[in-house]
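Notes follow once the structure below has been shown.
Order of listing sets the numbers, starting from 1, for every ligand and every atom in it.
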Amino acid sequence: MKSLLTEEAIQLTKSLGQNFLHDGNQLERIIRASCLRATDRVLEIGPGLGPLTERLLDNSKEVLAIEKDRRLADILEKRFGERPEFKLEIQDALAFLKRGDQGLSPWKLISNLPYSVASRILVEATHEYVRGPERIVVTMQKEVVDRILCDPGKRQYGVITLLLRLNYEPLESFQIPRTCFHPIPDVDSCCVVLEKRKTPLLPSHRAPDFYRLVKISFGQRRKKLVNNLKPHWDMEIVKKALQDCGISDQLRGEKLSLTEFIDLTNALSPDV
Ligand code: SAM
């Protein structure tokens with residue numbers, strides 16, 4: 001990997017999170033966690049020099065790789081361009097996902113994500129149940145994985161926990177030592193496996209209300225939930241909704257479980 005970078009005279013770009021995973025055991029572990037079938041279509045965001053891409057191609061029907069850095073895309077094109085199951089788009093993954101014309105279902109999202117945009121990429125890829133990939137196996141900073149896996153009331157519990165877990169269930173996670181990357185990153189990394197829920201917990205037209213409620217509830221973390229909701233809803237309606245859901249009006253948002261946020265979403269904006 002190092003000699004390829006030298007040969008191609010590529011100086012890595014820190015802002016693009018270019019820490020490449022070179023450890024064969026960890027790459028195999030990611031492939032095992034992906035449970036790939038020969039019929040699977042895979043979306044890989046940030047393929048870099050392609051160590052994961054190669055294994056994904058060997059184990060699936062098709063890999064669509066989205067790489068922002070043209071220099072790396074040229075290398076990928078040289079490496080895999082002749083394989084018909086390899087598709088490459090040179091662009092920003094967030095813009096690609098926002099474009100929204102690529103239904104990801106029944107795709108799998110398997111990537112060592114660029115860390116600076118990892119959370120935004122995950123939220124963008126999962127926020128619409130029907131279009132979300134069926135399985136997600138992503139490596140990113142451990143701190144974000146801890147937040148995704150966190151239970152209510154803990155320090156790391158927050159917006160990302162709830163947004164992802166509305167449509168996805170975490171299955172497993174494993175830490176990847178810093179020394180497995182080149183160059184060695186400043187933060188710890190973790191791979192997390194998420195599976196799309198068999199049935200959505202909310203109908204799709206109701207999901208935006210849930211996202212809005214969650215974001216407002218954590219607007220000022222130290223405030224009570226009712227005080228965060230006050231500028232956005234009539235207080236009589238909020239108090240009645242909390243009462244109907246059996247939730248104390250003395251709580252902060254961070255104490256509410258996913259189920260309670262779902263109940264509150266339904267109580268605050270009922271279908272008429
Ligand atoms: N998958 C490779 C590996 O494991 O060795 C590289 C992973 S590296 C952490 C992140 C990759 O994402 C880099 O190749 C970087 O150029 C690319 N990248 C960064 N920001 C991006 C974005 N917004 N859209 C697409 N690719 C991006």
Report, in ascending order of atom number, the atoms of ligand 1 lying under 4.0 Å from any heavy atom of [X].
X    : result
Q18  : 13 (C), 15 (C), 16 (O)
F20  : 5 (O), 6 (C), 14 (O)
D92  : 23 (N), 24 (N)
P114 : 10 (C), 12 (O), 18 (N), 19 (C), 20 (N), 21 (C), 27 (C)
L113 : 9 (C)

Note: [X]-[Y] ion pair, threshold 4.0 Å (strictly below):
X    : Y    : answer
K198 : E195 : yes
D40  : R37  : yes
R79  : E54  : yes
D188 : R178 : yes

Among protein heavy atoms, which sits nearest to [atom], and what does the distance come to when rounded to 0.1 Å?
atom                    : value
atom 9 (C) of ligand 1  : G17 O, 3.0 Å
atom 4 (O) of ligand 1  : N112 ND2, 2.8 Å
atom 17 (C) of ligand 1 : E67 OE2, 3.3 Å
atom 24 (N) of ligand 1 : A93 N, 2.8 Å
atom 5 (O) of ligand 1  : L21 N, 2.9 Å
atom 2 (C) of ligand 1  : P47 O, 3.3 Å
atom 26 (N) of ligand 1 : K68 N, 3.3 Å

Practice prompt. With side-chain contact (heavy atoms from CB on, under 4.5 Å) as the test, would you mind laying out the steps for L43 and V63 before giving the verdict?
Written response: CA-CA 6 Å; L43 175 70; V63 176; over 6 Å; no
Less than 4.0 Å is my threshold; does some heavy atom of [X] fall inside it relative to ligand 1?
X   : value
I66 : yes
Q91 : yes
T13 : no
N19 : yes

Discussion item. One pair to check against side-chain contact (heavy atoms from CB on, under 4.5 Å): L194 and I148. What are the steps and the verdict?
Written reply: CA-CA 10 Å; L194 304 165; I148 295 171; 4.2 Å; yes
Discussion item. Distance alone, cut at 3.5 Å: any donor-acceptor contact between the side chains of E44 and T53?
Written reply: yes
Worksheet entry | Pair Q141-E143, side-chain donor/acceptor within less than 3.5 Å | no
Worksheet item: Can you tell which of R70, E77, K68 makes a side-chain contact (heavy atoms from CB on, under 4.5 Å) with I90?
Response: R70
Discussion item. For a 4.5 angstrom cut-off between non-hydrogen side-chain atoms, does F261 reach F210?
Written reply: yes
Worksheet item: Backbone or side chain, does any N or O of G46 fall under 3.5 Å from an N or O of ligand 1?
Response: yes
Practice prompt. Kindly confirm or rule out an N or O of L72 lying under 3.5 angstrom from an N or O of ligand 1.
Written response: no
Worksheet item: Cation over ring, R29 on F174, under 6.0 Å and within 45°?
Response: yes
Practice prompt. Using heavy-atom distances, let me know which of I176, I90, L16, T139 sits nearest atom 19 (C) of ligand 1.
Written response: L16
Item to complete: Tell me, with the steps shown, if R55 and S60 meet side-chain hydrogen bond (donor to acceptor under 3.5 Å, both in side chains).
Response: CA-CA 9 Å; R55 289 167 172 82; S60 66; over 6 Å; no
